[in-house]
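One structure below.
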2 protein chains.
Amino acid sequence: MSFSQAVFANNRLLAALPHKDREQLLTHCEAVKLDSAQMLYRSGELIRHVYFPTGCLISLMRPVNDSAGLEVKLIGNEGVLGFTLMLGVDVTPFHALVHGSGPALRMTAPAFLDELEHSPALQQELKRYLYVTMTQLAQNAACTRYHVVEARLARWLLMTQDRAHSDHFHVTHELMAHMLGVRRVGITKAANSLLKQKFISYRRGDITILDRAGLETAACECYRADKDIYERILGEEHTFLPHYRDEPIAPHSYSSGMDGV
Amino acid sequence: MSFSQAVFANNRLLAALPHKDREQLLTHCEAVKLDSAQMLYRSGELIRHVYFPTGCLISLMRPVNDSAGLEVKLIGNEGVLGFTLMLGVDVTPFHALVHGSGPALRMTAPAFLDELEHSPALQQELKRYLYVTMTQLAQNAACTRYHVVEARLARWLLMTQDRAHSDHFHVTHELMAHMLGVRRVGITKAANSLLKQKFISYRRGDITILDRAGLETAACECYRADKDIYERILGEEHTFLPHYRDEPIAPHSYSSGMDGV
DNA sequence: TATCGTCTGTGCGTTAGAGCACGTACCGGC
DNA sequence: GCCGGTACGTGCTCTAACGCACAGACGATA
């Protein structure tokens, strides 16, 4: 199987891998198209496939009791679905809901684990992705606690746009309410406010971002916090090493003398 | 350096390690006493030490802007502080605040990383701990969103009691408000309700749990969810393997035929 | 015994959001 | 061109929690 540059380049995690590791990984991948409202994972179930989104959007939801639950992480072409596999647990604690149809690369869980074992670069990349994810989960908890719906909505729209790579996408108030864990009318009210400020426009589920800068002022600081942590840990400038200890990515790092190995 | 059974047995993560790995790890540990209100980590700073609590309580807080922030994880003798090191990032995204003075075992970050590299059992254990932590972070976000203060307080008291291993501990309304991200009077009101139901009693910061079962009915289901995920992934019955793939811990797992390696 | 700091309780008005219900506007299909 | 489903808007009441302020209650120390 062979994939064009365009295909893997659309997933930043894959694009960041060394050529050889990536090629090896891609031999196990198949291109699939994911459709909106598809439920890829259900909390508590076995992970059968790992997905590298290239042009779709996936929400991780943590269910509360039997109810709707709350979106805890948004995955686009900057990430991967199924990362908990690398922690040695093949059961997912989250629902994974597609809401932005598009292509993804998919591989079976066993193939993924096998590749992971043989690719230190992939391990490295995914460990950092895990770190970013943990931080974002915590950030999200705090955001959910402190910030009003309008700010959270603005943040969500920005995050979605970043991953959709387009200023136009399809999503209803109903769905956004589901994600943010609020009533539909709560979204309607907040969206209307953003509309009046001419930051966005929408019509029956078709949302257009008109003014990104405006949206950023309307959003809580969590948007920047999330983005900063991603850039710092997984941004363009970082390098790939077989062992993280060889090059700490901290602003300051241990002197080699302290390392003692 | 040599530690008695009593010392390491007080940390469940250490106690779960094979004898040899544990002994090796302990040679690098020093026993320290942590005091209430001590700030072990500050978000964004370098991790210098890893702590295995044996008789103290540590809260991980995610700061929002410059403000107080929100508690995102409670660490007692079932866990470890500094786990993000194993993800190859030596900067912590959380504040770590002691609020329950007591002993802990401490080792330097480089020593920890060195031991980690040479102990598959420790890797295994920490990966599972990470999985549990991620799930709890997500659960916490949902809880914070949906549940009322009284239920969240009951949950927090139960979690604290589990880690304090005593039905009596010291913590003021002010501090609990800080943890849950609510006003002090919010805690006063909720605590008063629990008091009237005779689930707890308190006097100037000295809290006593009178009726655990009662508290559990007052708490949201998140308490059980957290506990369940911990037991399932890190509970007594689980085994230690150099590679997770050798024995999936899922309720169902891949047939060896699927594994293909 | 008096005093001061810490901890807890109460009493306002205010507000974001919940829950429920209904009205309207658009679109596609028969 | 009617009709039914989907999506959005509005209008109410209700409540948990906020912000602020102050009052009481205990405990250590002078």
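Residue numbers start from 1 in every chain, and the chains themselves are labelled A, B, ... in the order their sequence lines are given, proteins ahead of strands. Everything numeric here is computed off the predicted structure, so don't read it as measured data.
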Worksheet item: Donor-acceptor pair, B/Thr54 side chain versus B/Pro103 backbone, under 3.5 Å?
Response: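 Answer holds: yes.
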Worksheet item: Taking B/Ser36 for the side chain and B/Gly100 for the main chain, is one N or O donor matched with an acceptor at less than 3.5 Å?
Response: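 Answer holds: yes.
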Interatomic distance, [X] [atom1] vs [N] [atom2] [rounded to whole Å]:
| X | N | atom1 | atom2 | value |
| --- | --- | --- | --- | --- |
| A/Glu150 | C/dT15 | CD | P | 16 Å |
| A/Arg152 | C/dA16 | CZ | P | 15 Å |
| A/Ile200 | D/dC8 | CD1 | P | 10 Å |
| A/Lys189 | D/dG9 | NZ | P | 13 Å |
| A/Asp206 | D/dT6 | CG | C1' | 13 Å |
| B/Ile187 | D/dA17 | CD1 | P | 10 Å |
| A/Arg203 | D/dT6 | CZ | P | 18 Å |
| B/Met176 | C/dT8 | CE | C1' | 11 Å |

[N] OP1/OP2 closer than 4.0 Å to side-chain N/O of [X]:
| X | N | answer |
| --- | --- | --- |
| A/Tyr146 | D/dC18 | no |
| B/Tyr202 | C/dG9 | yes |
| A/Asn192 | D/dG9 | yes |

Worksheet item: What is the nucleic acid contact for B/Val149, judged by heavy atoms within less than 4.0 Å: base, sugar-phosphate only, or nothing?
Response: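 The residue B/Val149 makes sugar-phosphate contact but no base contact.
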Item to complete: Would you mind telling me which residue lines up with the more 5' stretch of DNA chain D, B/Gly186 or A/Glu174, judged by nearest nucleotide?
Response: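 Result: A/Glu174.
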Fill in: DNA chain D: 5'-proximal contact among A/His173 and B/His147 (nearest heavy atom)
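Its nucleotide being nearer the 5' end, the pick is A/His173.
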Which listed nucleotide ([options]) is nearest to the side chain of [X]?
| X | options | answer |
| --- | --- | --- |
| B/Val182 | D/dT10, C/dG9, D/dC18 | D/dC18 |
| B/Arg145 | C/dC26, C/dG17, D/dA21 | C/dG17 |
| A/Arg204 | C/dA16, C/dC26, C/dC7 | C/dC26 |

Worksheet item: For the side chain of A/Arg183 and the base of C/dA18, is some donor closer than 3.5 Å to an acceptor across the two?
Response: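 A donor-acceptor contact between them is present.
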Item to complete: Could you tell me whether the side chain of B/Arg184 has a donor or acceptor atom within less than 3.5 Å of a complementary atom in the base of D/dG19?
Response: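 No, no donor-acceptor pair under 3.5 Å.
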Discussion item. Can you confirm if the aromatic rings of B/His99 and B/Trp156 lie within a centre distance of less than 6.0 Å?
Written reply: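 B/Trp156 vs B/His99: aromatic centres under 6.0 Å.
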Discussion item. In this structure, is the centre-to-centre distance between the rings of A/Tyr129 and A/Phe83 below 6.0 Å?
Written reply: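 A/Phe83 vs A/Tyr129: aromatic centres under 6.0 Å.
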Worksheet item: Looking at B/Leu153, B/Val185, B/Thr188, which hits side-chain contact (heavy atoms from CB on, under 4.5 Å) with B/His173?
Response: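 Exactly one pass, corresponding to B/Thr188.
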